[in-house]
**Q** 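Here it is, the structure in full.
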Amino acid sequence: MSFPLLASSGTPPAPPPPTAAIPRPPPSLAQRVHIPPHIYKHPTAILLELCNSMKELHQILPQIIKNGLYNEHLFETKLVSLFTKYGSLNDATKVFDFAKLKNEPMYHTMLKGHTHYSSLDCSLGFYARLRYDNVTPVIYNFNYLLKACADNFDVLKGKQVHAQLILHGFSDSLFAMTSVVNLYAKCGMVGDAYKMFDRMPERDLVCWNTVISGYAQNGMPKRALELVVRMQEEEGGNRPDSVTVVSILPACAAIGSLRVGKSIHGYVFRNGFESLVNVLTALVDMYAKCGSVDIARLVFDRMDSKTVVSLNAMIDGYARNGYYDEALILFRRMLDEGYKPTNVTIMSTLHACGESKNIELGQYVHELVNQLGLGSNVAVVNSLISMYCKCQRVDIAAELFENLKERTLVSWNAMILGYAQNGCVMDALTHFCEMHLQNIKPDSFTMVSVSTALAELSVLRQAKWIHGFSVRTCLDRNVFVATALVDMYAKCGAVHTARKLFDMMDDRHVTTWNAMIDGYGTHGFGKEAVELFEEMRKGHVKPNDITFLCVISACSHSGFVEKGRNYFALMQEEYSLEPSMDHYGAMVDLIGRAGRLSEAWNFIDNMPISPGLNVYGAMLGACKIHKNVDLGEKAADKLFDLDPDDGGYHVLLANMYATASMWKKVAKVRTMMERKGIQKTPGCSLVDLRNEVHTFYSGSTSHPQSEKIYAYLEKLFDRIKAAGYIPDTDSIHDVEDNVQEQLLKSHSEKLAIAFGLLNTSAGTTIHIRKNLRVCGDCHTATKYISLVMKREIIVRDMHRFHHFKDGACSCGDYW
DNA sequence: ATAGGGTTAG
């Protein structure tokens with residue numbers, strides 16, 4: 001079934017849009033005031049009629065004065081009209097004040113000028129003056145005033161004007177009622193607008209369009225589309241014109257229905273609206289928002305004339321569909337062709353810069369913002385903040401934020417998320433508290449940002465608090481918030497709580513499923529991850545590339561090599577998803593981690609694309625676990641050909657050599673790091689105690705309980721050694737034996753565990769968050785600690801979770 | 001006719 005707009009397909013092309021669609025101009029001056037012909041036909045009067053700009057007007061002015069026409073009513077009215085038209089309300093006011101005869105048309109022109117160039121109060125003040133001068137108002141005066149109220153979203157003043165209008169006997173006027181419908185619609189009161197509309201004895205096209213666009217602009221796109229159907233069905237029905245089309249295209253974009261959109265396009269085509277820029281621009285926008293960037297571009301390319309708005313719609317269309325390069329190319333072309341970018345252009349472009357991490361262009365746009373005088377536009381600055389955060393320059397973003405005079409909720413949200421995504425968790429949380437102190441109410445966006453920060457921090461107590469906060473503010477029902485909460489619980493070690501929340505949700509996005517599947521995977525619950533994925537396949541939410549990344553890595557963490565291979569095939573065969581470099585990396589990890597090193601190498605050799613850093617990194621990691629120096633060196637050679645600046649890979653290689661006691665090679669890696677200026681990320685562990693998060697760096701003695709902790713570790717080491725623990729001193733070289741053990745003892749993770757044991761009562765589970773991967777000695781030591789101390793210890797490292805209990809770890813010793 | 005901030009993986 002096709003959309004009813006198509007109902008007219010058999011009939012010949014309709015005539016051009018009815019004139020009712022064009023805003024009705026007031027009657028001409030000659031109609032409303034009697035003007036004697038010698039004045040009306042005066043050459044200067046004709047010149048004034050032809051006048052097209054302020055510059056020309058100033059050229060004509062001396063003639064008017066020279067010919068003594070200044071005090072002629074016609075000239076006064078015309079001057080007031082022209083001055084207001086070209087934006088000089090001051091000059092218009094001078095002429096008006098000087099005029100002897102101030103009649104209604106004269107007042108009307110001034111009123112019109114006020115509605116355009118000054119505040120609503122000035123316009124209303126001017127109406128009061130008109131009344132004071134005993135001029136009888138006409139319907140046009142009210143239409144302008146109502147429009148001014150609507151544009152200022154001021155219902156209260158609008159209602160006062162409405163009362164005046166009734167007082168002067170215009171309540172039955174179709175025009176007046178339409179203006180009132182428009183007032184309510186623009187002020188977000190579509191319900192009231194509709195009531196008024198429903199009471200009208202007769203309705204013209206303009207009136208229908210007003211109420212339709214009211215619904216479209218107030219988040220009720222379906223109602224808007226229904227009304228378009230009704231307007232045609234009604235007796236003596238109205239045919240949608242270009243204005244109707246332009247108001248329902250955004251509605252169509254909002255419901256994302258390409259089918260309805262295409263039928264509207266057909267209607268546009270059959271009715272000859274294809275020559276109208278605004279219609280075509282709305283079509284471009286609709287196609288882009290429905291995900292069809294290619295069709296959007298076709299329509300865009302076929303436009304005879306374009307405006308900035310058309311370009312903005314296309315740039316934004318590219319950016320929102322992930323075609324960042326195309327967005328930036330079009331933006332460059334736009335500048336080359338001499339268009340002046342608007343705030344909308346800037347915002348879409350900054351979005352594209354941020355997502356594609358193009359900070360050079362981002363900074364160029366920043367300069368442009370200042371040149372264009374948009375530096376104090378909050379929305380633009382918010383976009384700048386986001387762009388800098390996405391490009392990992394939180395410092396610049398923070399500076400912009402601090403200097404922002406009128407921060408909005410969006411500014412706070414952008415900043416908090418920026419901190420959260422750049423590892424500045426504490427800054428994110430303090431800003432959240434700060435906005436709380438300033439009495440700014442958080443919304444769902446805020447909750448997502450804070451949950452993201454807490455997920456990173458991995459602290460269950462605060463996680464529960466923010467969950468409670470979301471419930472109390474009813475924000476937990478939002479899919480985005482709920483998904484962020486599921487992810488947060490999983491990342492805080494509470495997978496079962498995460499699953500409970502997941503089961504309670506009635507609307508789930510792909511990301512929700514992905515977060516849960518990955519949660520299971522990182523905890524080593526491969527079986528649960530696979531089961532949930534199978535459940536997902538039965539439902540209506542389609543798995544995406546990230547889903548497969550999560551499933552494959554879940555298989556990898558649990559040693560399900562064949563299952564993982566099957567899923568890798570499935571994603572291509574059944575879901576037509578092209579594996580990315582990350583997928584290949586995950587596959588190498590899957591095969592290699594299970595010890596099938598030559599098979600993993602074989603897999604790399606058969607890759608259809610040139611293997612990236614992560615692929616060789618996974619291979620090297622597997623070789624380190626399984627102590628295969630030969631293959632590890634082979635992987636490292638390839639890896640370092642790609643010149644990584646990531647310290648992690650270097651450390652991995654050095655550790656592999658150290659495990660094999662190849663000290664010269666270890667030293668070589670160290671030299672390479674020094675030469676490249678790469679520093680080893682210091683190991684850092686976090687532990688939460690009541691309301692405080694305690695941070696420990698390797699070897700640090702800065703914690704107030706430091707002495708106690710080291711003393712306790714001495715005793716602890718003796719106990720676990722008695723239980724069978726042997727310190728892994730093999731991987732430490734060029735220091736004496738007793739120093740080796742001291743070095744091992746001062747690993748951040750052991751400090752954090754000791755602190756946790758010292759400060760919690762027997763039986764309490766200890767949660768640790770570590771920034772790097774758990775080292776081999778810490779892993780063994782923690783297993784023994786869990787045994788002798790009878791404690792459950794949960795350690796989250798950069799990749800996954802380790803649940804230590806009764807001397808064993810959930811990861812089965814491969815990590 | 002276009003409009004700023006959002007969840008997953010690495």
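What you see below is based on every heavy atom in this structure, not just the backbone, and it leaves out hydrogens, waters and symmetry mates. The chains referred to below are lettered A, B, ... by the order of the sequence lines, with proteins before strands, and numbering in each begins at 1.
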**Q** Look at the side chain of A/Pro250 and decide which nucleotide, out of B/dG4, B/dT2, B/dT8, has an atom nearest to it.
**A**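 Nearest nucleotide to the side chain: B/dT2.
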**Q** So what does A/Leu417 hit on the nucleic acid, given a heavy-atom distance under 4.0 Å: a base, only sugar-phosphate, or nothing?
**A**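 If one applies the 4.0 Å heavy-atom cut-off, A/Leu417 turns out to touch the sugar-phosphate alone, with no base involved.
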**Q** Picking from B/dG6, B/dG4, B/dA9, which would you name as closest to the side chain of A/Val481?
**A**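 Minimum distance to the A/Val481 side chain belongs to B/dG6.
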**Q** When the distance from CG of A/Asn514 to P of B/dT8 is rounded to whole Å, what number comes out?
**A**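 Rounding to the nearest Å, CG of A/Asn514 and P of B/dT8 are 10 Å apart.
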**Q** Does the plane of the ring in A/Phe548 sit parallel, tilted or perpendicular to the ring in A/Phe533? Use 30° and 60° as the thresholds.
**A**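 Plane angle over 60°, so perpendicular.
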**Q** Tell me every residue that passes side chain to side chain donor-acceptor pair (under 3.5 Å) with A/Asp487, counting only those two or more places apart in sequence or in another chain.
**A**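 Partners of A/Asp487 under the side chain to side chain donor-acceptor pair (under 3.5 Å) test: A/Lys491.
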**Q** What integer distance in Å separates A/Leu374:CG from B/dA3:C1'?
**A**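 After rounding, the reported distance stands at 12 Å.
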**Q** Partners of A/Arg320 by side chain to side chain donor-acceptor pair (under 3.5 Å), sequence neighbours excluded?
**A**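 Partners of A/Arg320 by the side chain to side chain donor-acceptor pair (under 3.5 Å) criterion, ordered by chain and then number, come out as A/Asp316.
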**Q** Between A/Asp443 and A/Thr446, is any side-chain donor less than 3.5 angstrom from a side-chain acceptor?
**A**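 There is such a pair (donor and acceptor under 3.5 Å, judged by atom type) between the side chains of A/Asp443 and A/Thr446.
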**Q** Please check if the side chain of A/Ser386 supplies one atom and the backbone of A/Ser383 the other of a donor-acceptor pair under 3.5 Å.
**A**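 Looks like no, no N/O pair under 3.5 Å.
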**Q** Counting only side-chain N and O atoms of A/Lys289, is one of them less than 4.0 Å from OP1 or OP2 of B/dA3?
**A**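 Yes.
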**Q** Round to the nearest Å and state the distance from A/Asn544 atom CG to B/dT8 atom C1'.
**A**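 A/Asn544 atom CG is separated from B/dT8 atom C1' by 8 Å.
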**Q** Compare the minimum distances between each of B/dG4, B/dG6, B/dT2 and the side chain of A/Phe480, then state the nucleotide with the smallest one.
**A**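 The closest nucleotide is B/dG6.
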**Q** Within the 4.0 Å heavy-atom criterion, would you say A/Val246 contacts the bases, only the backbone, or no part of the nucleic acid?
**A**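 Sugar-phosphate contact only - A/Val246 comes under 4.0 Å of backbone atoms but never of a base.
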**Q** Return no unless some side-chain N or O of A/Arg320 is found under 4.0 Å from OP1 or OP2 of B/dA3.
**A**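 Result: yes.
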**Q** If I take atom CG in residue A/Leu350 and atom C1' in nucleotide B/dA3, what distance separates them, rounded to the nearest angstrom?
**A**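 It is 12 Å, rounded to the nearest whole Å.
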**Q** Please state how far atom CE in A/Met516 lies from atom P in B/dA9, giving the value in whole angstrom units.
**A**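 Answer to the nearest Å: 12 Å.
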**Q** Considering only side-chain heavy atoms of A/Ser383, which listed nucleotide, B/dT7, B/dA1, B/dG4, is closest?
**A**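 Among the listed nucleotides, the one closest to the side chain of A/Ser383 is B/dG4.
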**Q** In terms of relative ring orientation, are A/Tyr419 and A/His431 parallel, tilted or perpendicular, with 30° and 60° separating the classes?
**A**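 A/Tyr419 and A/His431: tilted rings.
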**Q** Return the value, rounded to whole Å, for the distance between atom CE of A/Met303 and atom C1' of B/dT2.
**A**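 The answer, rounded to whole Å, is 11 Å.
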**Q** Hey, does A/Thr408 reach any base, or is it just sugar-phosphate, or nothing, if we go heavy atoms under 4.0 Å?
**A**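 Counting heavy atoms under 4.0 Å across all strands, the contact made by A/Thr408 includes a base.
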**Q** Output the single nucleotide from B/dA9, B/dG4, B/dA1 whose closest atom is nearest the side chain of A/Asp518.
**A**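 So the side chain of A/Asp518 is nearest to B/dA9.
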**Q** Out of B/dA3, B/dT2, B/dG6, which nucleotide sits closest to the side chain of A/Asn312?
**A**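 Comparing B/dA3, B/dT2, B/dG6 against the side chain of A/Asn312, the answer is B/dT2.
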**Q** For a side chain to side chain contact (heavy atoms under 4.5 Å, CB included) with A/Ser553, tell me which candidate from A/Asp518, A/Asp589, A/Leu590 qualifies.
**A**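 Among the candidates, only A/Asp518 passes.
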**Q** Starting the side chain at C-beta, find the nucleotide from B/dA1, B/dT8, B/dT2 nearest to A/Val344.
**A**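 Shortest atom-to-atom distance from the side chain points to B/dT2.
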**Q** Measure distances between side-chain N and O atoms of A/Asn478 and base N and O atoms of B/dG6, and say whether any donor-acceptor pair falls under 3.5 Å.
**A**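 Flag set: donor-acceptor pair detected.
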**Q** Base, sugar-phosphate or nothing for A/Val378? Non-hydrogen atoms, less than 4.0 Å.
**A**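 Base contact - A/Val378 has a heavy atom under 4.0 Å of at least one base atom.
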**Q** Examine distances only and state if a side-chain atom of A/Thr210 and a backbone atom of A/Val206 form a donor-acceptor pair shorter than 3.5 Å.
**A**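 Looks like yes, one N/O pair under 3.5 Å.
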**Q** Have a look at A/Asn614 and say if it touches a base, only the backbone sugar-phosphate, or nothing, with a 4.0 Å heavy-atom cut-off.
**A**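 It contacts nothing in the nucleic acid.
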**Q** Does A/Gln421 make a side-chain N or O approach to OP1 or OP2 of B/dT7 shorter than 4.0 Å?
**A**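 It does, given that an N or O in the side chain of A/Gln421 lies less than 4.0 Å from OP1 or OP2 of B/dT7.
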**Q** Can a donor-acceptor pair under 3.5 Å be found between the side-chain atoms of A/Ser553 and the base atoms of B/dA9?
**A**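 No, no donor-acceptor pair under 3.5 Å.
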**Q** Is the base of B/dG6 touched by the side chain of A/Ser444 through a donor-acceptor pair closer than 3.5 angstrom?
**A**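 Side chain to base: pair present.
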**Q** With the side chain of A/Phe445 defined as its heavy atoms from C-beta on, choose the nearest nucleotide among B/dA9, B/dA3, B/dG6.
**A**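 Shortest atom-to-atom distance from the side chain points to B/dG6.
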**Q** Given B/dG4, B/dA9, B/dG6, which nucleotide is nearest the side-chain atoms of A/Asp316?
**A**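 The listed nucleotide nearest to A/Asp316's side chain is B/dG4.
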**Q** Can you tell whether the side chains of A/Arg499 and A/Glu528 come within less than 4.0 Å, N to carboxylate O?
**A**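 Salt bridge flag = no for A/Glu528 with A/Arg499.
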**Q** Tell me the interatomic distance from A/Leu283, atom CG, to B/dT2, atom C1', rounded to whole angstroms.
**A**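 Whole-Å distance recorded here is 14 Å.
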**Q** In whole angstrom, what separates A/Lys491's NZ from B/dT8's P?
**A**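 Atom-to-atom, A/Lys491 to B/dT8, this comes out as 6 Å.
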**Q** With a 4.0 Å heavy-atom cut-off, tell me which residues in residues 502-512 of chain A come close to DNA chain B, sorted by residue number.
**A**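 Per residue number, the list reads A/His509, A/Thr511.
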